[in-house]
Amino acid sequence: MDLHALSDFNLVATHGGIGRASRVSGRSKATLSRKVAELEQSLGLRLIERGSQSLRLTEEGRALHERTDGPLNEIAEAGETVVLGASTPRGRLRVSAPVVIAHVAFGRIGARFALAYPDVQLEIVAEDRKVDPVEDGYDLVIRVDPAPDDRLVGRRFLNDERLIVAPPDLPRAASHSAAVGELAVQAVVLTTTPADISWRLRGDQGPDIVVRPEPVLRLSSLLMVRDAVLAGAGAAILPKLLVADDVAAGRLALWGPVSEPPVELWALQSSRRLVGAKVRAFLDIVEKSFPDRVFLPPV
């Protein structure tokens with residue numbers, strides 16, 4: 001059996017089509033189609049049923065894919081690790097990151113990596129959908145507070161607080177209700193924020209302070225919320241990562257952190273893959289880009 005043809009077949013099977021496999025891998029559709037046809041001919045079996053708009057695996061094709069995809073990936077990753085472990089990282093590296101952190105930090109991170117490792121073709125995609133590293137062809141995915149997943153391993157590279165910030169000239173409390181011990185303030189909130197929401201401002205010495213936001217504007221993204229607060233619309237809860245520079249420059253007033261656990265940012269990859277040199281190099285630059293980072297060792 002031609003292992004190169006088998007690898008191409010598994011690529012097509014994993015991504016559900018030759019076109020998508022071609023986009024993810026960078027290989028031509030003609031080459032992938034030819035390799036799959038050669039594998040079918042060598043086995044004397046039809047592995048894929050081809051339709052005008054889509055394709056599906058035959059029973060034999062599904063069985064072959066399930067039994068060979070994992071071992072082939074392990075062999076390929078082992079070879080890459082051995083070869084790249086003692087050499088300069090090279091090849092293609094695809095990373096998926098949430099829109100906010102991608103816009104705030106990963107442009108600069110990507111530039112540092114590209115300058116340091118010119119033999120790696122880095123692609124960073126900003127998107128908020130929950131991608132699958134294997135099916136979508138990513139080497140790394142950046143996630144915020146990810147749920148435990150046996151299929152993914154990685155490391156936490158940042159703990160980020162959520163802060164209440166406001167325009168410098170906005171009064172700390174527009175009104176005060178002594179009966180309920182709440183402060184009311186005009187606020188900018190996300191469109192998904194419930195009408196009866198309250199914020200808990202962490203007290204330095206005493207109890208938490210309850211802040212009742214009175215929305216003057218609802219927006220669908222944190223980037224828009226920050227811009228609206230900078231323009232003077234009202235106070236908001238925003239990630240420290242997004243507003244640290246504005247607070248330091250005096251463009252925003254910091255009221256304090258909310259009384260909630262920190263937000264965790266993780267870099268994750270498929271548990272079926274070994275960590276290659278290009279991934280390790282990228283993670284090293286990510287970690288060094290956050291001076292107040294909190295690290296965990298690789299899982």
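All values below were derived from every heavy atom in this structure, side-chain atoms included, with hydrogens, water molecules and symmetry-related copies excluded.
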N/O donor-acceptor pair under 3.5 Å between T193 side chain and V189 backbone: no
Close side-chain approach of L283 to L140, heavy-atom, < 4.5 Å: yes
Heavy-atom closest pair, residues V144 and P98: CG2-CG, 4.2 Å
Under 3.5 Å side-chain donor-acceptor pair for D136 and S96: no
Minimum-distance pair of heavy atoms, taken over all atoms of D2 and K35: OD2-NZ, 4.0 Å
Below 3.5 Å, can you tabulate the donor-acceptor pairs from side chains in residues 100-115 to any protein atom, sequence neighbours excluded?
unit_1	atom_1	unit_2	atom_2	d
R108	NH1	V104	O	3.4
R108	NH2	V104	O	2.9
R112	NH1	S289	OG	3.0

Residue pair I142, L268: steps toward the side chain to side chain contact (heavy atoms under 4.5 Å, CB included) verdict: CA-CA 6 Å; I142 308 301; L268 301 169; over 6 Å; no
Stepwise side chain to side chain contact (heavy atoms under 4.5 Å, CB included) test for W266 and L152: CA-CA 11 Å; W266 286 70; L152 300 176; over 6 Å; no
Minimum heavy-atom distance E214-A184, with the two atoms named: OE2-CB, 3.5 Å
Check against salt bridge (charged side-chain N to carboxylate O under 4.0 Å, His left out), D196 and R212: CA-CA 9 Å; D196 58 349; R212 178 69 63 182; over 6 Å; no
For the student: nearest non-hydrogen atoms of R94 and E123, plus distance: NE-OE1, 3.2 Å
Residue pair A228 / V188: nearest heavy atoms and the distance that separates them: CB-CG1, 4.0 Å
Sole candidate of V225, L252, L254 that passes side-chain contact (heavy atoms from CB on, under 4.5 Å) when paired with V243: L252
Worked check of side chain to side chain contact (heavy atoms under 4.5 Å, CB included) between W199 and L183: CA-CA 10 Å; W199 301 341; L183 305 180; over 6 Å; no
R34 and T31, any side-chain heavy atoms less than 4.5 Å apart: yes
Pairwise side-chain contact, K29 with S22, heavy-atom cut-off 4.5 Å (strictly under): yes
Within-4.5 Å side-chain heavy-atom neighbours: Q269 and V141: no
Residue R129 excluded, over 12 heavy atoms near CZ under 6.0 Å: yes
Donor-acceptor pair, side chain of Q186 and main chain of A233, under 3.5 angstrom: yes
Side chain to side chain, Y117 and I285, heavy atoms closer than 4.5 Å: yes
Euclidean distance, R56 CZ relative to T58 OG1, rounded to 0.5 Å: 8.0 Å
Heavy-atom side-chain proximity of V258 to R202 below 4.5 angstrom: no
Main-chain N/O of V99 paired with D128 side-chain donor or acceptor, under 3.5 Å: yes
Heavy-atom side-chain contact between L242 and L222 under 4.5 Å: yes
Student check: side-chain heavy atoms of I197 and P213 closer than 4.5 Å: yes
Expected output: side-chain S42 to main-chain L39 donor-acceptor under 3.5 Å: yes
Straight-line distance of L11 CG to H65 NE2, nearest 0.5 Å: 10.0 Å
Atom pair CG (L158) and CG (L265), whose distance is rounded to the nearest 0.5 Å: 5.0 Å
Distance, nearest 0.5 Å, that separates CH2 of W255 from CG of L163: 13.0 Å
Donor-acceptor under 3.5 Å (N159 side chain, P262 main chain): no
Step-by-step side chain to side chain contact (heavy atoms under 4.5 Å, CB included) determination, I48 to E40: CA-CA 9 Å; I48 293 176; E40 289 179 321; 4.2 Å; yes
Taking every non-hydrogen atom, the tightest pair across H15 and R20: O-CD, 3.3 Å
Stepwise side-chain hydrogen bond (donor to acceptor under 3.5 Å, both in side chains) test for T14 and E135: CA-CA 6 Å; T14 295; E135 291 187 1; over 6 Å; no
Approximate separation, where rounding is to 0.5 Å, of L93 CG and I124 CD1: 8.0 Å
Summary of salt bridge (charged side-chain N to carboxylate O under 4.0 Å, His left out) pairs that have at least one residue in residues 245-267, sequence neighbours excluded: R156-E264, R162-E260, D246-R251
Distance, nearest 0.5 Å, that separates CG of L6 from CD of E38: 13.0 Å
